[in-house]
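The structure under discussion appears below in the form of structure tokens.
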Amino acid sequence: MSKHQLDYLDELEAEAIYILREVAGQFERPALLFSGGKDSITLVRLAEKAFRPGKFPFPLVHIDTGHNFVETIEYRDAMVKRLGEKLIIGHVQDSIDQGKVVEQKGEKKKKKKKKKN
């Protein structure tokens, strides 16, 4: 990689860290959504750079769809344990069971899929 490319990546990283710090400073209850995927892992790494050696000023939030690979959940749990940060887990199935979310079935679901195509 050329020096120019590294400088540009450094600028992007610095801007992302600035944004994380601004959000933490200006909002009452920020949170960082964390799926365990590459984008989420990158954001957690940026949060480490922004706030270490202190704790994150926000929790990590994982919305469990019930369709995760076991390895993803294991990685998530190991990462949170290593970081010592707070993790909030929401389960889509709980929201369905409580009637907060309605799973579409039958014709409505088929019509919605056809409209997207």
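All heavy atoms count here, side chains included; hydrogens, waters and symmetry mates do not. Residue numbers run from 1 in the order of the sequence given.
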*At what distance, to the nearest 0.5 angstrom, does CG of Leu60 lie from NE2 of His62?*
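So the CG of Leu60 and the NE2 of His62 are separated by 11.0 Å.
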*For Arg21 and Lys49, work out which heavy atoms get closest and say how close.*
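Smallest interatomic distance, heavy atoms only, reads NH2-O, 3.6 Å.
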*Could you work out the complete set of other residues in the hydrophobic cluster of Ile73, with links drawn between I, L, V, M, F, W and Y side chains under 4.5 Å apart?*
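ILVMFWY cluster around Ile73 holds nothing else.
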*What's in the same ILVMFWY side-chain cluster as Val102, cut-off under 4.5 Å, chained through other members?*
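Hydrophobic cluster check, Val102: no partners found.
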_Applying salt bridge (charged side-chain N to carboxylate O under 4.0 Å, His left out) as the test, list every pair that has at least one member in residues 76-89; sequence neighbours left out._
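Checked against salt bridge (charged side-chain N to carboxylate O under 4.0 Å, His left out) - neighbours excluded - the pairs reaching residues 76-89 are Glu48-Arg82, Arg52-Glu85.
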*Should we count CD of Glu15 as having more than 12 external heavy atoms under 6.0 Å?*
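Result for CD/Glu15: open.
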*Pairwise ring pair (Phe, Tyr, Trp, His ring centres under 6.0 Å) hits with a residue in residues 36-56, at least two apart*: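 For residues 36-56: Phe51-Phe58, Phe56-Phe58.
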Enumerate donor-acceptor pairs with a distance under 3.5 Å from any side-chain N or O in residues 87-96 to protein atoms, sequence neighbours excluded.
from  : atom 1 : to    : atom 2 : distance (Å)
Gln93 : NE2    : Asp97 : OD1    : 2.8

*Would a hydrophobic clustering, with Ile, Leu, Val, Met, Phe, Trp and Tyr connected at side-chain separations under 4.5 Å, put Leu46 with Tyr18?*
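As far as the 4.5 Å side-chain criterion goes, Tyr18 and Leu46 are not connected within one cluster.
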*Within one Ile-Leu-Val-Met-Phe-Trp-Tyr cluster: Val61 and Val101, side-chain cutoff 4.5 Å*: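 Result: yes, single cluster for both.
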*Would you say the side chain of Val70 lies within less than 4.5 Å of the side chain of Asn68, judging by non-hydrogen atoms?*
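Sidechains of Val70 and Asn68: no contact.
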I'd like a table of donor-acceptor pairs (distance under 3.5 Å, sequence neighbours excluded) in which one partner is a side-chain atom from residues 23-42, with atom names and distances.
from  : atom 1 : to    : atom 2 : distance (Å)
Gln26 : NE2    : Glu22 : OE1    : 2.5
Ser35 : OG     : Gly37 : N      : 3.2
Ser35 : OG     : Ser40 : OG     : 3.2
Ser40 : OG     : Ser35 : N      : 3.0
Thr42 : OG1    : Lys38 : O      : 2.8

